[in-house]
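Okay, structure first, notes after.
In what follows, chains carry the letters A, B, and so on, assigned in the order in which the sequence lines appear, proteins first and then strands, with residues in each chain numbered from 1. It should be emphasised that the depicted structure is a prediction, and the values quoted were computed from it without experimental measurement.
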Amino acid sequence: MPELPEVETYRRFLDEVILHQPISAVEVFDRHVLAVDEDALRRRLVGQIVVATRRLGKNCFLEFADGSALVLHFGMTGDVGAYRHDYDVPRFTRVAFHLADGLRVAFIDPRKFGRIRLTDSLEQYQKDKKLGPDALGISLEELSQVLRKKKTLIKPLLLDQSITAGLGNWIVDEVLYQAKIHPERRANTLTDAEFSSLYAAIQSVLKTAITQEATYRQFPANFLIHAREWDESATPGTDQHRFCPRHQKEEIAKKYVGGRATYYCQICQPEPSESI
DNA sequence: CGTTATGTTCCTAG
DNA sequence: ACTAGGAACATAAC
């Protein structure tokens, strides 16, 4: 789940439930997700008040008055939730932040790739983690300037959080499909027109996903995402979703690019020729 | 039982 | 210094 749109959705949720009231306790069910000493975390949080929520790429920040922040990264399967009683703890809750009014905010993560840490400031964290500009904040010029000097395949570059932060495996496939660019094109072979459509696709896919609160099933019919396998199991019996939305009879192709499962349309996104 | 998985990071080798 | 590929992490779901 947690690519940029999901994390933005989590942030908005947290903004509604956690602001302006003291954290009364920190309950750790599994310290594996802590990238900070448990007692240090407790000392830093208990009695404190979150004054703002922020997001950079796939990272969510709960900010305190002094500019320091709790940083949530959701790994591959992280989520947030809220509950009030022990008997309602969501399954796979790893850490719970108890608030003074009795609400408890859960950091949920079945696979435990997510991490909770502290930082002195967002700027510090961005520097430490080598995060580039947020994918919703970067400009076309900024993005194309970096990409056009790279000989690497475009897909792994878009996944690289130091170039622009927030794009994940599914969204990159969607963006490349919408922009009609093959995932194995070398970045330095893209034309100006292709950089423009790539940029436009990034912005529109992200905004669409955020508007739908990252509920993929509600995405427009012309989105590639409906062709992915998990959607198949979500809507059994229908085969149509395995085909390109623009070429009804063309099956969506799957291969591994940069070690990641990659879906694309062989007609919309022509294979790069060796000579380029 | 085998396969696959939304992310990050580290290691190796060219 | 850059790039490609692979493994590791931990676990659920199919």
Side-chain angles (χ1 to χ4, degrees), chain A residues 1-11 29-35 55-60 71-80 90-95 107-117 119 125-132 134-135 146-177 183-189 202 205-206 208-210 212-217 219 223-237 254-263 272:
Chain A
M1 290 154 150
E3 301 189 26
L4 189 154
E6 289 90 343
V7 178
E8 176 62 17
T9 303
Y10 300 166
R11 186 196 67 75
F29 296 93
D30 190 332
R31 60 184 59 188
H32 191 91
V33 300
L34 297 184
R55 182 191 56 73
L56 173 61
K58 304 169 191 172
N59 303 276
C60 184
V71 189
L72 305 179
H73 190 286
F74 298 96
M76 287 177 68
T77 55
D79 200 353
V80 289
R91 197 179 175 204
F92 306 124
T93 296
R94 305 304 182 191
V95 176
F107 180 85
I108 303 163
D109 187 10
R111 274 177 69 184
K112 301 196 277 194
F113 284 178
R115 289 295 178 268
I116 294 174
R117 35 171 70 83
T119 186
Y125 183 78
Q126 181 167 17
K127 193 184 291 181
D128 291 346
K129 290 293 173 182
K130 298 184 172 49
L131 295 172
D134 189 81
V146 186
L147 293 182
R148 72 171 74 252
K149 358 177 246 217
K150 304 271 190 184
K151 295 177 205 156
T152 314
L153 310 185
I154 188 66
K155 170 158 180 176
L157 281 180
L158 292 175
L159 288 172
D160 184 342
Q161 303 295 297
S162 72
I163 291 175
T164 184
L167 305 181
N169 200 34
W170 294 357
I171 287 181
V172 167
D173 283 359
E174 188 65 55
V175 159
L176 291 171
Y177 171 76
E184 294 178 296
R185 288 281 300 281
R186 306 262 163 197
N188 61 349
T189 69
I202 290 172
V205 168
L206 290 176
T208 301
I210 290 171
Q212 306 296 337
E213 297 185 337
T215 304
Y216 297 117
R217 289 227 204 108
F219 287 6
F223 270 42
L224 177 74
I225 194 151
H226 303 297
R228 300 198 80 118
E229 285 163 334
W230 54 264
D231 202 58
E232 204 170 325
S233 54
T235 51
K254 177 184 181 181
K255 74 188 311 191
Y256 283 83
V257 178
R260 312 300 301 276
T262 299
Y263 295 78

To the nearest Å, how far apart are [X] [atom1] and [N] [atom2]?
X	N	atom1	atom2	value
A:R115	B:dT8	CZ	P	12 Å
A:F74	B:dA5	CZ	C1'	19 Å
A:R31	C:dA10	CZ	C1'	18 Å
A:D173	B:dA5	CG	C1'	14 Å
A:M76	B:dT9	CE	C1'	14 Å
A:R91	C:dT11	CZ	P	13 Å
A:E184	C:dA4	CD	C1'	12 Å
A:L159	C:dG6	CG	C1'	16 Å

Options [options], nucleotide nearest the side-chain atoms of [X]:
X	options	result
A:N169	C:dT3, B:dT8, B:dG7	B:dG7
A:P110	C:dA12, B:dA5, B:dT9	C:dA12
A:H73	B:dG7, B:dA5, B:dT9	B:dG7
A:Q161	B:dA5, B:dT8, B:dT9	B:dT8

Legend entry - Opposite nucleotide pairing with C:dA4, Watson-Crick or G-U, both atom distances under 3.5 Å: B:dT12
A side-chain contact here means heavy atoms from C-beta on lying under 4.5 Å apart; do [X] and [Y] qualify?
X	Y	value
A:V80	A:F74	yes
A:L224	A:L176	no
A:I154	A:T189	no

Any [X] side-chain N or O less than 4.0 Å from OP1/OP2 of [N]:
X	N	answer
A:Y256	B:dA5	yes
A:T152	C:dC2	no
A:K130	B:dT8	no
A:R111	B:dT8	no
A:R260	B:dT8	no
A:K151	C:dA1	no
A:K150	C:dC2	no

Legend entry - Aromatic ring of A:F113 stacked on base six-ring of C:dC9, 5.5 Å, 30°: yes
Inset, instruction - Output yes when A:E6 and A:K58 qualify as a salt bridge under the 4.0 Å nitrogen-oxygen rule, no when they do not. - result: no
Legend entry - Salt-bridge criterion met for A:D173 and A:K155 (N-O under 4.0 Å): yes
Legend entry - Interatomic distance, A:T262 atom OG1 to A:W170 atom CH2 [nearest 0.5 angstrom]: 13.0 Å
Legend entry - Closest-nucleotide 5' rank along DNA chain C - winner of A:K149 and A:G259: A:K149
